[in-house]
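Reminder, nothing fancy here: chain letters follow the sequence lines and each chain counts from 1.
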2 protein chains.
Amino acid sequence: MRENLSQQTAQRLYARIVAEKRLRPGDKLPNEVELSAQLGVSRATLREAIRTLAARGVLEVRRGRGTFVSARVEEIEDFGFGALEGVRGQLRDLFELRAIFEPQAAALACARADDRELADILDRGRAVEDCIRAGRDRTKADWEFHAAIVRATHNEFMTRLLPLIGQAVGTAVASGGHGARLAQDTLRDHALLMEFLERRDGAGAQHAMAIHMRHAMDEMDLQ
Amino acid sequence: MRENLSQQTAQRLYARIVAEKRLRPGDKLPNEVELSAQLGVSRATLREAIRTLAARGVLEVRRGRGTFVSARVEEIEDFGFGALEGVRGQLRDLFELRAIFEPQAAALACARADDRELADILDRGRAVEDCIRAGRDRTKADWEFHAAIVRATHNEFMTRLLPLIGQAVGTAVASGGHGARLAQDTLRDHALLMEFLERRDGAGAQHAMAIHMRHAMDEMDLQ
DNA sequence: ACGCAATAGTTATCAGACAACTTTTGCATT
DNA sequence: AATGCAAAAGTTGTCTGATAACTATTGCGT
């Protein structure tokens with residue numbers, strides 16, 4: 001183990017809530033003295049663990065009353081913490097968000113991209129095509145294509161969503177996407193999309209991107 | 001002040017990073033003994049504050065080396081901590097994202113909300129109406145209405161966007177939204193929206209929400 | 001039945017000590 | 001002078017035990 005005791009403790013507590021279900025939403029935790037004894041750590045360490053979970057919205061601390069499991073733990077679910085299980089559900093949610101978000105981003109990009117940005121988008125699109133035709137891995141190229149489109153919206157908050165989307169793409173690949181079928185669809189979808197982008201036809205690009213998202217979700221048996 | 005000292009301390013530290021810029025991304029904080037003396041709190045309290053910020057990705061603690069401001073603070077900041085100084089540009093970006101996102105969320109909510117969730121949404125909608133008619137501040141009620149809708153999508157990542165939306169609402173109010181005109185629009189928009197929600201008419205709810213977003217943006221001279 | 005003070009249960013904060021890890025320093029050996 | 005290694009300095013990690021402050025309940029007197 002290389003992690004802090006306090007972080008380990010946070011994970012153990014978290015496991016009691018989401019995995020073991022010994023603690024359910026709304027439940028009250030034992031008081032700090034007792035709980036720290038149960039877990040075999042000092043009260044100070046336990047409190048640091050509690051702070052970590054409280055910052056994530058998993059626990060709610062009420063002075064004089066006790067510490068409680070947040071009523072909406074399930075919806076807060078965060079990465080890097082508990083288990084990669086449920087990836088499938090996360091993946092569906094993530095693609096659902098993309099399916100809403102990226103077609104509109106494509107439309108906005110048509111309206112707002114300057115010439116250099118548009119050229120950049122098209123370059124990256126061609127790079128993806130090359131990868132597919134050459135049979136190389138296209139994960140990175142594909143991601144950069146989508147990222148370039150979103151950046152061209154000139155919307156700060158959309159750009160902030162990029163890392164989230166990057167994770168979606170990464171997970172999708174890891175869980176066995178990228179069949180031959182998807183590759184062919186992607187080739188067609190991108191051609192369509194780039195045609196509209198080049199003409200700065202926002203409505204067209206929006207629909208082309210929507211189709212692209214649908215294909216991706218179908219191929220992965222989402223929705 | 002009713003907040004914990006440790007939470008207050010977290011906010012003071014956070015302010016040093018994003019507002020005062022006394023600490024920039026990558027910087028090393030003073031060691032814990034010195035910093036706790038500077039801030040006038042015990043080391044234990046400071047450590048709890050650090051845990052809170054570390055959980056949010058603002059700080060990175062490296063044993064034996066020190067505590068550092070995360071290199072990517074700017075990108076991470078979504079949570080409702082400080083820094084409302086997003087000015088007009090951010091506000092436009094934020095509402096643009098909402099305008100894309102919330103209508104679709106409303107449509108999804110129609111399809112997926114269980115009866116209790118739907119009742120909850122309608123309750124909160126009525127609470128907003130009451131606030132407007134009574135001339136009370138409706139900020140909180142309004143946010144809870146929108147939050148209830150988004151939660152009913154049962155989509156984890158949409159729920160994650162909630163804090164962002166909360167910030168949008170907060171900033172909008174702070175920068176002088178909430179004119180009499182907007183109040184009247186909101187009253188009508190919500191009535192329309194709730195009518196469709198109650199009937200679980202997804203397409204209708206989607207358009208009603210889109211109209212609501214447009215009104216809000218118009219009133220604030222965005223777009 | 002009511003009001004209110006005492007009490008029990010709980011989190012909040014402090015102080016000081018020692019352990020463990022990382023980087024720098026300085027010295028001995030080659 | 002260069003190298004390697006041990007000591008030291010700087011830092012976070014953890015523990016202990018005490019006291020303060022807040023909340024809800026209990027029980028008593030009226």
Side-chain angles (χ1 to χ4, degrees), chain A residues 1-17 22-71 73 80-81, chain B residues 1-17 22-73 81:
Chain A
M1 311 199 212
R2 37 185 322 111
E3 286 234 319
N4 287 347
L5 224 201
S6 65
Q7 297 308 296
Q8 286 175 44
T9 305
Q11 294 195 25
R12 285 170 66 192
L13 272 179
Y14 188 76
R16 286 194 180 190
I17 296 167
R22 281 165 66 181
L23 291 168
R24 308 195 62 90
D27 281 1
K28 179 177 169 303
L29 271 59
N31 72 60
E32 294 181 347
V33 175
E34 186 178 332
L35 187 52
S36 62
Q38 257 185 48
L39 295 167
V41 301
S42 76
R43 211 186 133 208
T45 299
L46 171 63
R47 282 180 60 82
E48 289 185 14
I50 289 175
R51 286 281 171 260
T52 297
L53 293 175
R56 288 171 179 263
V58 176
L59 295 179
E60 288 172 18
V61 183
R62 299 177 205 158
R63 180 175 190 174
R65 297 179 56 191
T67 301
F68 300 80
V69 178
S70 169
V73 201
F81 224 97
Chain B
M1 310 199 215
R2 36 185 320 108
E3 286 233 317
N4 287 346
L5 225 200
S6 65
Q7 298 308 297
Q8 284 176 44
T9 305
Q11 294 197 26
R12 285 170 66 192
L13 272 179
Y14 186 79
R16 287 193 180 192
I17 296 166
R22 281 164 66 181
L23 292 167
R24 307 196 61 92
D27 281 1
K28 180 178 168 302
L29 271 58
N31 72 62
E32 295 181 347
V33 175
E34 185 179 332
L35 188 52
S36 60
Q38 255 184 50
L39 295 167
V41 301
S42 75
R43 208 185 138 208
T45 300
L46 171 64
R47 283 180 59 81
E48 290 185 12
I50 290 175
R51 287 279 170 262
T52 296
L53 293 175
R56 304 198 148 157
V58 175
L59 295 179
E60 289 172 17
V61 183
R62 299 174 205 161
R63 181 175 191 175
R65 298 179 57 191
T67 301
F68 300 80
V69 178
S70 169
R72 312 179 304 284
V73 197
F81 230 103

Exercise for the section: Using heavy atoms to find the nearest nucleotide of DNA chain D for B:R47 and A:G64 separately, return the residue whose nucleotide is more 5′. Expected result: B:R47
Practice task
Select from B:V61 and A:T45 the residue whose nearest nucleotide in DNA chain D is closer to the 5' end of that strand.
Solution key: B:V61
Checking contacts here: which listed nucleotide ([options]) is nearest the side-chain heavy atoms of [X]?
X     : options                : result
A:A44 : D:dT12, C:dA15, D:dC15 : D:dC15
B:R63 : C:dA15, D:dT23, C:dA20 : C:dA20
A:N31 : C:dT11, D:dG13, C:dT13 : C:dT11
A:E48 : D:dT14, C:dA12, C:dA15 : D:dT14

Practice task
Mind checking B:V41 for me? I need base, sugar-phosphate or nothing, with any heavy atom below 4.0 Å counting as a touch.
Solution key: sugar-phosphate
Rounded to whole angstroms, how far apart are [atom1] on [X] and [atom2] on [N]?
X     : N      : atom1 : atom2 : value
B:I50 : D:dT12 : CD1   : C1'   : 9 Å
B:L35 : D:dG13 : CG    : P     : 14 Å
A:K28 : D:dA24 : NZ    : C1'   : 12 Å
B:E32 : C:dA15 : CD    : P     : 15 Å
A:Q7  : D:dT12 : CD    : C1'   : 13 Å
B:R51 : C:dT13 : CZ    : P     : 16 Å
A:N4  : D:dG13 : CG    : P     : 5 Å
A:F68 : C:dG9  : CZ    : C1'   : 12 Å

Handout entry: Flag side-chain contact, heavy atom, 4.5 Å: B:R62 against B:T67
Key = no
Problem - Short side-chain N/O contact from A:T67 to OP1 or OP2 of C:dT11, under 4.0 Å - result: yes
Problem - Contact under 4.0 Å: A:R62 side-chain N or O vs C:dT10 OP1/OP2 - result: no
Practice task
Ignoring hydrogens and angles, state whether a donor on the side chain of A:T9 or A:S6 is under 3.5 Å from an acceptor on the partner side chain.
Solution key: no
Problem - Distance-only donor-acceptor test, A:R43 side-chain atoms vs C:dA12 base atoms, 3.5 Å - result: yes
Exercise for the section: Rounded to the nearest 0.5 Å, what's the gap from CG on A:L23 to OH on A:Y14? Could you check? Expected result: 13.0 Å
Exercise for the section: Kindly say whether B:S36 contributes a backbone atom to a donor-acceptor pair with the side chain of B:R43 at under 3.5 angstrom? Expected result: no
Handout entry: A:N4 side-chain N/O to A:Q7 backbone N/O, donor-acceptor pair under 3.5 Å
Key = no
